[in-house]
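Predicted model, so just to flag it, every value in this text is computed and none were measured. Within every chain, numbering begins at 1; the chains are lettered A, B, ... in the order of the sequence lines, protein sequences first and strands thereafter.
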2 protein chains.
Amino acid sequence: MSTAHQQRSRATRARILEAAKTCFAREGYDAASVAEICQQAGVGKGGFYYHFPSKQALFLELLNGWLAELDALLAAEQAKAGSAPNRLMAMAGLMPQVAQAAVGQLPLFLEYLLQALRHPSIWKATIAPIRRYRRLFARLVAAGQSEGAIRQVEAELAARVIVSLALGDLLQDVLEDRGRRGGRQAAGSLELLLTGLEKKGTA
Amino acid sequence: MSTAHQQRSRATRARILEAAKTCFAREGYDAASVAEICQQAGVGKGGFYYHFPSKQALFLELLNGWLAELDALLAAEQAKAGSAPNRLMAMAGLMPQVAQAAVGQLPLFLEYLLQALRHPSIWKATIAPIRRYRRLFARLVAAGQSEGAIRQVEAELAARVIVSLALGDLLQDVLEDRGRRGGRQAAGSLELLLTGLEKKGTA
DNA sequence: GAATACAGACTGACCGGTCTGTTTTCGAGA
DNA sequence: TCTCGAAAACAGACCGGTCAGTCTGTATTC
């Protein structure tokens, strides 16, 4: 059981995180000021720095939370059965949806990437999952190959292509409507690619 | 003939642009200060604001210059002959190379995208070329289809996939080595995709 | 009354842009 | 050819504003 202290504390902490998410998405990491986040969260500076040691720490926690959601969703999908190509379709198709659902505003995703380039701690947190997904996709491709459903291409390369497609589609969506909606297409693109990966004469 | 005034002016202007390119790439648009760019260029604040009305204007000029280089390279490639799939390979394969050669440091490319999300003028300058390239690829795909070399898929979708692949590969390269080298892979990925786009039973 | 969970004024640093002054170059006239 | 004023091409001190983070004080809960 939690005390009233802890309950209130958790609530403000969550409000700060939520406010930060929208502020970062709207204005970017640098331009979004701590004061603005505080105002949006209905909290004073004291409250902010009581819960987070720095602006960067807050950002990193936001990123980690997002990655955790993504992991959970992919893990759930991975548990399901089905042929390798179908599972690939289902899993890869999740990426933009997850980005959309978890982040809310997609520009935040770009912000993650950009910050990852400059801050080693953020970079590690970002690159590790991407590599994990790539390995996962590679295993699925290999599985599809031993099932005889997928052409004999380099599995690593195919995995890289899948990730590229997901990332690229995300980017094009973001750019087209400047991050207002996002995550609409992608399914068709992947279908196209996977059809190409199928063994010839199958369709 | 140009006077000594003009010669010196152009030289400093070029130095400022070059310094800005490296600074923006290293630290990002917001974090890179005008003072720092000035120091790197060996120029005072006065010199800077004599040549550029604002920091944003400088950034925009950098972006436009890069886009112009890209356009030129693509136009040159477009003039060459060959079968549609081959031309697609050649053109699409240029993208990362161009990004690498023109920008020097790839993080700048991400910076462009991010700034495009928030500043309408930069957005217009960024999205227009991307749409142009997509149309160009779509036409090439359609051409390949009437040549009988490419499957009957929606040309628009295929073009989008190609752009996605280029963008996604770029991103993965940038993330993998944190923007130090970049632009190594990509060719293999495209080959994989185009093989998938070929008419079945061809290879 | 002590620890928790804040509020909000405050600080030092920094940043984009301005302004005044200085050096360099140019062109015209003597 | 030499001079000199004017325009071009800067240098760098300076300014208003902002921002991340601190500090002191206060209300609430235990």
Side-chain angles (χ1 to χ4, degrees), chain A residues 1-63 111 114-115 118-119 121-122, chain B residues 1-63 111 114-115 118-119 121-122:
Chain A
M1 163 184 158
S2 60
T3 73
H5 268 314
Q6 291 166 331
Q7 276 180 28
R8 185 177 165 213
S9 183
R10 268 199 294 269
T12 28
R13 195 185 154 86
R15 269 189 358 253
I16 293 175
L17 279 168
E18 197 58 37
K21 199 155 75 174
T22 71
C23 284
F24 283 147
R26 194 174 55 237
E27 323 198 27
Y29 177 80
D30 289 298
S33 69
V34 172
E36 194 185 353
I37 295 173
C38 287
Q39 197 184 2
Q40 176 120 4
V43 121
K45 277 276 190 75
F48 183 96
Y49 282 100
Y50 177 79
H51 287 284
F52 300 95
S54 71
K55 189 184 174 184
Q56 244 214 32
L58 165 66
F59 183 82
L60 195 62
E61 187 157 326
L62 229 43
L63 170 62
E111 204 64 44
L114 199 57
Q115 296 297 326
R118 301 189 228 286
H119 304 282
S121 60
I122 297 184
Chain B
M1 162 188 159
S2 61
T3 72
H5 269 314
Q6 291 166 330
Q7 276 182 29
R8 184 180 164 208
S9 183
R10 269 199 294 269
T12 34
R13 195 186 154 86
R15 265 183 8 246
I16 292 175
L17 279 168
E18 196 59 35
K21 199 155 75 174
T22 70
C23 284
F24 283 147
R26 193 174 55 237
E27 324 198 26
Y29 178 81
D30 290 297
S33 70
V34 172
E36 194 187 352
I37 295 173
C38 287
Q39 197 183 4
Q40 176 120 6
V43 124
K45 276 273 192 78
F48 183 97
Y49 283 98
Y50 178 80
H51 287 286
F52 301 96
S54 71
K55 188 184 176 184
Q56 242 213 37
L58 164 66
F59 183 81
L60 196 62
E61 186 156 330
L62 229 43
L63 170 62
E111 204 62 45
L114 200 56
Q115 296 297 325
R118 302 190 224 286
H119 304 282
S121 60
I122 297 184

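B:Phe48 places its CZ atom 10 Å from the C1' atom of C:dG17, with the value rounded to the nearest Å. In this structure, A:Lys55 places its NZ atom 15 Å from P of D:dT18, rounding to the nearest Å. Distance B:Gln39 CD to D:dG12 P: 11 Å, rounded to the nearest Å. Remark: P of D:dA20 and CZ of A:Phe59 are 14 Å apart, rounded to the nearest angstrom. Between the CZ atom of A:Arg8 and the C1' atom of D:dC30 there is a distance of 14 Å, rounded to whole Å. Nucleotide D:dG25 holds its P atom 21 Å from the OH atom of A:Tyr49, rounded to whole Å. Atom CD in B:Gln56 sits roughly 12 Å away from atom C1' in C:dG16 (whole-Å rounding). Between the CG atom of A:Asp30 and the C1' atom of C:dG16 there is a distance of 15 Å, given to the nearest Å.
When distances run from any side-chain atom of A:His51 to the nucleotides D:dC10, C:dC6, C:dA5, the shortest one goes to C:dC6. Proximity note for A:Ser9 (side chain, C-beta onward) versus D:dA20, D:dA9, C:dA5: the nearest is C:dA5. Distance from the side chain of A:Lys45 is smallest for D:dA20 among the nucleotides D:dA9, D:dA20, C:dG16.
B:Ile16 contributes atom CD1, which lies 9.0 Å from atom CD1 of B:Ile37 (distance to the nearest 0.5 angstrom).
Between D:dC10 and B:Thr12, a contact under 4.0 Å exists linking OP1 or OP2 to a side-chain N or O. Close to D:dC10, at under 4.0 Å from its OP1 or OP2, lies no side-chain N or O of B:Tyr50.
For A:Lys55 against A:Ala32, the heavy-atom pair with the smallest separation is NZ-O, 2.9 Å.
Counting non-hydrogen atoms under 4.0 angstrom, B:Ala41 reaches nothing in the nucleic acid. Using a 4.0 Å heavy-atom cutoff across all strands shown, A:Ala32 reaches sugar-phosphate atoms only and no base atom.
The side chain to side chain contact (heavy atoms under 4.5 Å, CB included) with A:Gln40 is formed by just one residue from the set A:Glu18, A:Arg15, A:Arg26; it is A:Arg26.
By the ring pair (Phe, Tyr, Trp, His ring centres under 6.0 Å) test, B:Tyr50 is found to be paired with no residue, residues two or more places apart in sequence or in another chain being considered.
Within the 3.5 Å criterion, the main-chain N or O of B:Tyr29 finds a donor-acceptor partner in the side chain of B:Glu111.
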